[in-house]
Amino acid sequence: VIGLAVSIVLSIRWSVLFTLAPYALLLENKHGKSALTRSRELILGRFWAVLGRIAIPKLIFLLVGILIMGVLSYLIGIVISGVGTFNSDLMIRLQTLSGSVFPIVVAALINPLIILADVIVYRSLKETSV
């Protein structure tokens, strides 16, 4: 149990330390190990602040996505039940289609916001780094 707890803590720490490496590659053209090193340099000494700055926007966008998906699912369910009252085969097909398409659409709308939040965090850390 102790080993599991330690591995979870170390995994979270490692994930946060190196989560900004792709942005070091894209924004500063640092490749490979230098991108990992740059990400670690920006985060060292500010671990908890960076963890909050990375996690909070993602959680907010996730909750907004779940809310949008719930509202869309409810509204589409009403429309489908109204349209498919005479044809149960059509109703089942529309429910299956909406159940697979709308989560993809919501994810496609939310993911750019998550990436934009990470880019803002990276630029902020880069400006305030020593």
Test item: Ser11 side-chain N/O and Ser7 main-chain N/O as donor-acceptor pair under 3.5 Å:
yes

Kindly say whether Ala35 contributes a backbone atom to a donor-acceptor pair with the side chain of Ser39 at under 3.5 angstrom?
no

Where do [X] and [Y] come nearest, in terms of heavy atoms and distance?
X: Ala107; Y: Pro112; answer: O-CD, 4.5 Å
X: Ser98; Y: Ile76; answer: CB-CG2, 3.6 Å
X: Val121; Y: Arg53; answer: CG2-O, 3.6 Å
X: Leu27; Y: Tyr122; answer: CD1-CD2, 3.5 Å
X: Leu42; Y: Lys126; answer: CD2-CA, 3.9 Å

Applying salt bridge (charged side-chain N to carboxylate O under 4.0 Å, His left out), which residue pairs with at least one partner in residues 59-75 are found, sequence neighbours left out?
none

Contact between [X] and [Y] at the side-chain level, heavy atoms closer than 4.5 Å - yes or no?
X: Leu51; Y: Trp48; answer: yes
X: Asp118; Y: Lys58; answer: yes
X: Leu36; Y: Leu17; answer: no
X: Ile68; Y: Phe102; answer: no

Just to verify, what does Leu25 make a side chain to side chain contact (heavy atoms under 4.5 Å, CB included) with, not counting sequence neighbours?
His31

Please lay out, stage by stage, how Phe18 and Ile43 fare under the test side-chain contact (heavy atoms from CB on, under 4.5 Å).
CA-CA 9 Å; Phe18 299 115; Ile43 295 173; over 6 Å; no

